[in-house]
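Working notes for the structure below.
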Amino acid sequence: MNVKISLPDGSVREYPQGVKGIEIASSISEGLARVALAIEVDGEIRDLARPIDNDASIKILTWNDKGGKSTFWHSSAHLMAEALEALYPGVKFGAGPAIENGFYYDVDLGGRAFGEDDLAALEAKMKEFAKKDSTFDRSSVSKAEALKYFTEKGDEYKIELINDLQDGTITFYKQGNFTDLCRGPHIPNTGFLKAIKLLNVAGAYWRNNQNNKMLTRIYGITFPKAKELEEYLHLLEEAKKRDHRKLGKELELFAFSERVGMGLPLWLPKGTLLRERLEQFLRRAQVKAGYDPVVTPHIGSKQLYVTSGHYEKYGKDSFQPIRTPDEGEEFLLKPMNCPHHCEIYRTKPRSYRDLPVRLAEFGTVYRYEMSGELHGLTRVRGFTQDDAHIFCRPDQVKEEFVKVIDLVLHVFNSLGFENFTAQVSLRDPENKAKYIGDDELWDRAEREIQEAADERGLKTVAVQGEAAFYGPKLDFMVKDAIGRSWQLGTIQVDYQLPNRFELEYVGSDNQKHRPVMIHRAPFGSLERFVAVLIEHCAGKFPLWLSPDQIAVLPISERFNDYAKIVYDKLKEQDIRGLLDDRDEKIGRKIRDAETKKIPYMLIVGEKEVAENKVAIRRQGQGDQGSVLLEEFVNSFKLECAAPV
RNA sequence: GCUGUUGUAGCUCAGUGGUAGAGCACUUCCUUGGUAAGGAAGAGGUCGAGAGUUCAAUCCUCUUCAACAGCUCCA
């Protein structure tokens, strides 16, 4: 009996029934067999050693395949577990999956301390075991056998996992002296794991539940070649240099002060310049798009948030109300701008002809975030949203939504964010109690969002459980330097708040109708957006945003007067920058300006004074030659225009 | 909030049970230099905060605050 095996190139080969993946690989080429890690059989990744009994289309997976990498890392987690068991007898194991970059294993060390220092010893043990070329052997076990094994071993975590599994589907994998409950698949043997690096240790709740015991999570990464590991570690170092917290300090953009309070950023003059340029850019775009700017206070009566539903949902986990001394009135720091905007909508009767009403505000809001959540400018307790609320008729929802998508895309394109993910954030169908409003409106809102995204050809990823409590969202996710994903732009359809605030408009039928709200913020928050922007451009901002656009550098003090004239002329033209008239050599001044990532350096000495010129040096690009000052101003002006 | 790590000069970091050090930055002087660090001198710290052990604590213990990594959370 033969089976027909289709290969990725479309060819079909016949093999005896029960042929193993590794045998197929060998039959294709010895080279492939040497680097083969796993095999994809009809879309399912399997061990190379598993027999194939039926016709199938297959793909041999190597390090270059995503599935190959994840198999490699998953096997690495098993290797680490083997080493852990050798070093820490009686250790209990939680889960140990492959992740985007590497793997981890959650373990219960029984109260033994495990710090960064212990990583080195564990890593050494792993390397020792890896060299044994132990094979990963798969075996099917009955539920009873599985339970017996782990009961004898005393690993309650695995027992819990097994209890959730169906009898007949349970498999063990064994390499060396280590046996683990595992669905697989695995690479052929531990010898493939040549370059091993354990990265860090952290706590993680068992089954991701805050109420469960906290286990020790050990992160690591492995590669088939030492050189690849080196490159990866180098990449990590480079990424650290782009960290907005580091650059924010170095470039004097923002700071934090313990005395002011954690998570409360202080915007320094240069950072403020940057931020204001961004605001101005969006303000102009929004005027064009028919938004009306409004301003509302930083606090609001508690009653406002009781009405909106925010108090019930977040009241306990918010900054607590501020009380007036005499009357005992309660006010909340505003965590959202929408309730205020609803009240603006209510200031006068609205006709269907007035809609959509688009109210925009750079509104600063304050949210209590748990201390462990705070992170540079990406997660703070006080931040400014580029918020707006669109009040429209139900028949306008999709059109308005699409317009907002266009605005968000315009913002992203203008700032060079190309690698974003459009995430449709839906509610958690398992836990509808977390949300307000009835199913029909939710379904409708979710449908409208998807349709609007499709209309603009956005490739979307739907994620359940990520919706706001009042409605689904379309979130624009961007990764930071270290690969962490952050939500920037967001667009949300909301049928609930108009109900709660009893918003109305008079329709063409002279009857009262309820408008629909769209919440939207293209940047999301200025703080987070600036953080991600810093990391994207590594602190080298586009000219129109750069806090310092030019540095005028006289060759020596003899030319300070001319340099001052040049500097003043540039200032007259609203060109931002500095004059470095320190008593330093030109090399030094250049180095300092380069370090500060100032886009243009204008060097002036004897020749420039004589000809009324400036010598141009571009940051990171070196000497660009000399031009007349007027010429420079003209070309600069063209280049520094903000996108529209 | 939880687990772990860290906290020494403006920044980056050494260091020790006997009240502190480097480099850069800063100030002054010398130098007037043509595309990424010229030279010298000087100033600068309650060693995160509080309590305890000790003859003596920056160092050991406890508490607390903050930062970092991850988890959980995120209107």
Please check: side-chain N/O of A/Lys540 versus main-chain N/O of A/Ile534, any donor-acceptor pairing under 3.5 Å?
no

Given B/G38, B/G1, B/U35, the nucleotide with the shortest approach to the side chain of A/Glu584
B/G38

Checking A/Trp73 side chain against A/Asn101 main chain: does a donor-acceptor pair fall under 3.5 Å?
no

Write down the partner of B/G42 under the Watson-Crick or G-U wobble criteria, each distance required to be under 3.5 Å.
B/C26

Categorize A/Tyr219 for me: base, sugar-phosphate, or nothing, with a 4.0 angstrom heavy-atom threshold over every strand shown.
sugar-phosphate

Charged N to carboxylate O below 4.0 Å: is that the case for A/Arg427 and A/Asp439?
yes

For A/Asn208, report the nucleic acid contact type (base, sugar-phosphate, nothing); a contact means any heavy atom under 4.0 Å.
sugar-phosphate

A/Met214 near the nucleic acid: base, sugar-phosphate alone, or nothing, with a heavy-atom cut-off under 4.0 Å?
base

Using a 4.0 Å heavy-atom cut-off, does A/Glu606 contact any base of the nucleic acid, only the sugar-phosphate backbone, or nothing at all?
base

Look at all strands and tell whether A/Gly622 reaches a base, only sugar-phosphate, or nothing, counting heavy atoms closer than 4.0 Å.
nothing

Give A/Arg217 one of three labels, base, sugar-phosphate or nothing, depending on what nucleic acid heavy atoms sit under 4.0 Å from its own.
sugar-phosphate

A/Ala615 side chain: which of B/U35, B/A37, B/G33 is closest?
B/U35

Checking B/C65, B/U32, B/C73 against the side chain of A/Arg558 (C-beta onward), the nearest is B/U32

Between the side chains of A/Glu400 and A/Arg358, is the shortest nitrogen-to-carboxylate-oxygen separation below 4.0 Å, so that they form an ion pair?
yes

Counting the atoms with a prime plus P, OP1 and OP2 as sugar-phosphate, which does A/Arg484 contact under 4.0 Å by heavy atoms, base, sugar-phosphate, or nothing?
sugar-phosphate

Separation between the C1' atoms of B/A66 and B/G50, rounded to whole Å
15 Å

Looking only at atom C1', what distance separates B/U3 and B/U72, rounded to whole Å?
11 Å

Name the pairing partner of B/G21, where a pair is Watson-Crick or G-U wobble with both distances under 3.5 Å, or state none.
B/C13

Under 4.0 Å between any heavy atoms, over every strand shown, what does A/Lys589 touch: base, sugar-phosphate, or nothing? Just pick one.
nothing

Within the structure shown, what part of the strands sits under 4.0 Å from A/Ala593 by heavy-atom distance: base, sugar-phosphate, or nothing?
nothing

Can you list, in residue-number order, the parts of residues 309-318 of chain A that come under 4.0 Å of RNA chain B, counting heavy atoms only?
A/His310, A/Tyr314, A/Ser318

For A/His375, which contact category applies under a 4.0 Å heavy-atom criterion: base, sugar-phosphate, or nothing?
sugar-phosphate

Have a look at A/Asp108 and tell me which of A/Arg217, A/Lys213, A/Lys158 forms a salt bridge (charged side-chain N to carboxylate O under 4.0 Å, His left out) with it.
A/Lys213

Which listed nucleotide (B/G34, B/U12, B/A69) is nearest to the side chain of A/Lys249?
B/U12

Select one nucleotide: of B/C71, B/C74, B/A67, the one nearest the side-chain heavy atoms of A/Glu369.
B/C74

Quick one: label A/Gln619 by what it contacts on the DNA or RNA (base, sugar-phosphate, nothing), any heavy atom closer than 4.0 Å.
nothing

Just do the salt bridge (Lys or Arg N to Asp or Glu O under 4.0 Å) check on A/Glu594 and A/Arg591 with the steps written out, would you?
CA-CA 5 Å; A/Glu594 287 276 350; A/Arg591 182 186 149 78; over 6 Å; no

Between A/Val201 and A/Tyr470, just flag the one whose closest nucleotide in RNA chain B comes earlier from the 5' side.
A/Val201

Check every strand shown and say whether A/Arg245 touches a base, only sugar-phosphate, or nothing at a heavy-atom separation below 4.0 Å.
sugar-phosphate

Would you find a donor on one side and an acceptor on the other, under 3.5 Å apart, between the side chain of A/Lys246 and the backbone of A/Lys240?
no

Pair assignment for B/A69, Watson-Crick or G-U wobble, requiring both distances under 3.5 Å:
B/U3

Which part of the nucleic acid, if any, lies within reach of A/Glu594 when heavy atoms closer than 4.0 Å are counted: base, sugar-phosphate only, or nothing?
base

Answer with base, sugar-phosphate or nothing: what part of the nucleic acid does A/Ile586 contact at a heavy-atom distance below 4.0 Å?
sugar-phosphate

Donor-acceptor under 3.5 Å (A/Glu535 side chain, A/Ala481 main chain)
yes

What does B/C47 pair with, Watson-Crick or G-U, if both distances are under 3.5 Å?
none

Taking NZ, NE, NH1 and NH2 as the nitrogens, is one of them in A/Glu466 or A/Lys473 under 4.0 Å from a carboxylate oxygen of the other?
no

Counting only Watson-Crick pairs (N1-N3 plus N6-O4 or O6-N4) and G-U wobbles (N1-O2, O6-N3), all under 3.5 Å, who is the partner of B/U54?
none

